[in-house]
Amino acid sequence: MKSTRIHASADVQTDKIGDGTFIWQFCVVLPGAQIGCDCNINAHCFVENEVVVGDRVTVKSGVQLWDGIVLENDVFVGPNATFTNDRTPRSKQPFLLQKTVVQQGATIGANATILPGITIGCGAFIAAGAVVTKDVRPGRMVRGVPAVDVGPAPSGENV
């Protein structure tokens, strides 16, 4: 049986963490968060309450997962990728939480920005620095600002 490993400097308030998951230093995970098995949550990440992370997910350093974010199994989130959950944010005002789903096997590159209410399809690939403003079809690669479809997602083998 694998054990969950939580670095001593991490503030992990949930008990819903699967076997084999490692949460690195200086992470904060709020009590309502759910994190699957064999995940790797790198240093300096924040995971809010209404977040679901599947199995075998990698979240690199500097990523914040806000309420309404769902990362299905085998998702990769690159360093400093940014998720949002409100299209019209205002200080001290109520907002409409918009759910974002990253489907199985998708990859999000470093420093990409994902607007709220978006679905990123299975196996899709978001290039580094892309700003995703609309749904991404399964198995497709997007890049640019705003992100546009540039063809099939790379296979991952010696890309």
Side-chain angles (χ1 to χ4, degrees), residues 10-14 16-18 21 23-24 27-154 156:
D11 178 5
V12 177
Q13 301 169 25
T14 186
K16 297 181 250 18
I17 301 173
T21 288
I23 299 177
W24 290 83
C27 290
V28 175
V29 182
L30 296 185
Q34 299 175 45
I35 300 174
C37 297
D38 298 316
C39 294
N40 192 13
I41 311 297
N42 284 216
H44 301 280
C45 289
F46 176 77
V47 182
E48 209 165 21
N49 281 300
E50 295 177 37
V51 171
V52 177
V53 176
D55 296 334
R56 299 170 304 281
V57 171
T58 297
V59 178
K60 298 303 265 183
S61 297
V63 174
Q64 296 84 40
L65 300 175
W66 307 109
D67 286 341
I69 306 297
V70 175
L71 306 179
E72 293 184 355
N73 297 341
D74 304 303
V75 165
F76 175 89
V77 181
N80 299 304
T82 299
F83 292 89
T84 59
N85 63 2
D86 182 4
R87 280 197 186 257
T88 55
R90 298 283 187 225
S91 180
K92 307 290 185 189
Q93 299 296 315
F95 75 100
L96 174 63
L97 176 68
Q98 293 184 287
K99 187 174 179 179
T100 298
V101 178
V102 181
Q103 293 180 339
Q104 183 167 343
T107 292
I108 298 173
N111 294 306
T113 298
I114 312 300
L115 269 59
I118 288 176
T119 297
I120 296 173
C122 293
F125 194 100
I126 311 303
V131 176
V132 181
T133 61
K134 59 186 178 181
D135 291 350
V136 177
R137 295 182 311 168
R140 304 301 292 177
M141 179 174 178
V142 299
R143 68 177 177 210
V145 180
V148 295
D149 189 318
V150 295

Atom CD1 in Ile41, atom CD1 in Ile17: separation rounded to 0.5 Å?
8.5 Å
Nearest-0.5 Å distance, CD1 of residue Ile69 to OG1 of residue Thr100:
4.0 Å
Once you round to the nearest 0.5 Å, how far does CD1 of Ile108 lie from CD1 of Ile126?
6.0 Å
The ring-ring contact (aromatic ring centres under 6.0 Å, His included) partners of Phe76 (sequence neighbours excluded) come to none
Are side-chain heavy atoms of Asp11 and Gln13 found at a separation under 4.5 Å?
yes
Do you know the tightest heavy-atom contact between Gly121 and Ala106?
O-CB, 3.7 Å
Distance-minimising heavy-atom pair for Cys45 and Gly62:
SG-N, 4.0 Å
Please check if the side chain of Arg87 supplies one atom and the backbone of Pro116 the other of a donor-acceptor pair under 3.5 Å.
yes
Checking side chain to side chain contact (heavy atoms under 4.5 Å, CB included) for the pair Phe83/Val63: CA distance, chi angles, key distance, verdict?
CA-CA 8 Å; Phe83 292 89; Val63 174; 4.2 Å; yes
Answer whether the closest heavy-atom distance between the side chains of Gln103 and Val101 falls below 4.5 Å.
yes
So, Arg56 and Asp74, do they make that salt bridge, N to O below 4.0 Å?
yes
When you measure from the side chain of Trp66 to the backbone of Glu48, do you find a donor-acceptor pair of N or O atoms at a distance under 3.5 Å?
no
Is it the case that the side chain of Lys16 and the backbone of Pro31 share a donor-acceptor pair, with hydrogens and angles ignored and the cut-off at 3.5 Å?
yes
Checking the side chain of Thr21 only, and the main-chain atoms of Gly36 only, is there a donor and an acceptor separated by less than 3.5 Å?
yes
Trp24 versus Ala43, closest heavy-atom pair with distance
CB-N, 3.5 Å
Exercise: identify the closest heavy-atom pair between Ala112 and Ala127:
CB-O, 4.0 Å
Counting only N and O atoms by type, is there a donor-acceptor contact under 3.5 Å from the side chain of Asp67 to the main-chain atoms of Glu50?
yes
Please answer whether the main-chain N or O of Ile114 pairs with a side-chain N or O of Thr84 as donor and acceptor at a distance below 3.5 Å.
yes
Given side chains that start at C-beta, do those of Val131 and Leu115 come closer than 4.5 Å, heavy atoms only?
yes
Any donor-acceptor pair under 3.5 Å linking the side chain of Gln34 with the backbone of Gly32?
no
Atom pair CZ/CD of Phe46 and Gln64 - distance to nearest 0.5 Å
8.5 Å
Closest approach of Gly54 to Cys39 (non-hydrogen atoms, all atoms of both residues):
O-SG, 3.0 Å
Rounded to the nearest 0.5 Å, what separation is found between the NZ atom of Lys60 and the CG atom of Asn80?
11.5 Å
Any chance you could measure Lys134, atom NZ, to Ile118, atom CD1, to the nearest 0.5 Å?
10.0 Å
Can you check whether Pro152 reaches Arg140 side chain to side chain, under 4.5 Å on heavy atoms?
yes
Any side-chain heavy atom of Ile23 within less than 4.5 Å of one from Ile35?
yes
Looking only at heavy atoms, the pair that brings Ala130 and Arg143 closest together is CB-CA, 4.1 Å
Check for a donor-acceptor pair, side chain of Asn73 on one end and backbone N or O of Asp55 on the other, with a separation under 3.5 Å.
yes
